[in-house]
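Everything below concerns the one structure shown next.
As the structure lists them, so they are numbered: ligands from 1, and atoms in each ligand from 1. Because the structure is predicted, anything quoted here is derived from the model rather than measured.
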Amino acid sequence: MSEPKQPVVRPYLTTRSLMPENQETPIQFIQSDIVKHKLFYRRNHFSYPALSYSNYWLPIDGLVTSPALLSMNDLLRLPSKTLKVVLECSGDKRSLFEPKVFGEQWEKGAISQGIWKGVPLSALLEHTGIKEGAKEVVVEGYDYGERTDLDQVYTFSRSLPIEKALHPDTMIAYEYNHRPIPFKHGYPLRLIVPQWYAMASVKWIKRISIIGSHFSGPFQSIDYVYYPSKENDNNAFPVTTINVNSTIQKPLDMDILNTGKHSIKGIAWTGKGTVTKVEVSTDNGRTWAKANMDYSDDMSYEWVSWSYEWTILEKGEYTVLSKATDSTGQTQPALPFWNRKGYGYHAIDQIKVKAE
Ligand SMILES: Nc1nc2c(c(=O)[nH]1)N[C@H]1C(S)=C(S)[C@@H](COP(=O)(O)O)O[C@H]1N2
Ligand SMILES: [Mo]
């Protein structure tokens with residue numbers, strides 16, 4: 001007699017809000033280093049744009065020698081680049097700040113990665129030429145809506161300093177995991193800015209403009225700014241590079257385990273250099289041991305999976321920590337850098353388990 005067929009059980013996104021759509025990747029249940037688009041977190045400021053793809057043109061204007069209006073075919077004909085990139089929302093882990101901060105209460109799943117293919121932005125700008133005095137490259141999205149704080153309608157637009165825009169790996173992507181980019185993630189064209197928090201990776205590109213001044217759109221001058229003080233805007237500075245970070249995927253927080261052998265597993269990533277070390281503590285930070293890391297051929301912009309074999313000898317409660325260090329010497333701090341809008345959380349990761 002054959003066994004009754006088991007239904008397939010799959011993880012889902014975790015919903016934070018529906019209008020606009022904000023959903024988390026079930027990061028604890030991601031085993032691959034490539035996240036399928038259905039499980040890729042979704043972070044939107046507005047409702048989805050209404051685009052007509054049949055007639056898509058990309059204008060590049062401003063301080064360029066020859067403004068361009070490119071078709072999808074023009075782009076597809078240019079030399080391409082394929083990169084595995086981690087995208088992390090700067091609000092990832094915001095819910096862990098204490099005191100708590102307002103905003104989407106992301107837990108640990110505002111992060112995903114996969115394979116992006118596109119044309120380096122530098123190749124496009126070489127084609128148009130850059131005029132003297134160029135300072136920043138503004139990328140505007142098709143989505144728009146009213147900002148309640150400003151009583152005005154804005155598109156989602158951000159700029160990059162010219163050096164970052166010309167970095168060979170900053171690209172105008174048209175494929176995710178070898179398919180056209182899924183609509184919710186920016187079809188047909190999306191900016192991909194490796195090493196920066198993902199607000200920089202503008203979806204549904206409408207226009208690229210080179211400017212000779214500092215762009216001051218609200219998604220850059222009001223949001224995505226670290227405000228260290230609760231009371232005022234003193235010492236504010238922009239959110240850019242991803243901080244070194246790690247997340248424990250297994251066991252789950254507040255799991256009940258047996259004594260004996262267990263694998264502690266997780267991921268670690270950084271926006272500067274590469275992750276060189278992950279340490280695990282099973283005694284709330286009194287002692288640390290090195291985790292094993294799975295390196296692949298090119299670790300430049302991806303997370304590294306790590307594991308640590310743990311033998312629980314005694315029943316009781318345990319606080320398990322993970323701490324990553326990167327090649328620039330940055331390491332996860334014991335306490336987060338609190339800031340009013342809750343960006344860039346990267347304190348040592350922590351779960352609790354009980355053995356009985
Ligand atoms: N056009 C546009 N681009 C955008 C956003 C947006 O709301 N509109 N959100 C940004 C933010 S804050 C993040 S974290 C990522 C989320 O990308 P995803 O929805 O593909 O995960 O896109 C960025 N690019
Ligand atoms: Mo974000």
Ring-ring centroid check Phe337 Tyr343, cutoff 6.0 Å: no
is_close_aromatic(Tyr144, Tyr154), centroid dist under 6.0 Å: no
If the condition is side-chain hydrogen bond (donor to acceptor under 3.5 Å, both in side chains), which residues does Gln113 pass it with, not counting sequence neighbours?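 Not a single residue meets the side-chain hydrogen bond (donor to acceptor under 3.5 Å, both in side chains) criterion with Gln113.
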side-chain hydrogen bond (donor to acceptor under 3.5 Å, both in side chains) with Arg179: which residues, sequence neighbours excluded?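 Not a single residue meets the side-chain hydrogen bond (donor to acceptor under 3.5 Å, both in side chains) criterion with Arg179.
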Can you list every salt bridge (charged side-chain N to carboxylate O under 4.0 Å, His left out) pair that touches residues 229-238, not counting sequence neighbours?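 For residues 229-238, and leaving out neighbouring residues, the salt bridge (charged side-chain N to carboxylate O under 4.0 Å, His left out) pairs sorted by first residue read Asp233-Arg340.
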Proximal protein residues to ligand 1, non-hydrogen atoms under 4.0 angstrom: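 Shell around ligand 1 (4.0 Å, heavy atoms): Phe40, Tyr41, Arg42, Arg43, Asn44, His45, Cys89, Asp143, Phe156, His185, Arg190, Ala198, Met199, Ser201, Val202, Lys203, Trp204, Tyr224.
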Parallel, tilted or perpendicular: ring planes of His167 versus Tyr301, cut at 30 and 60 degrees: perpendicular
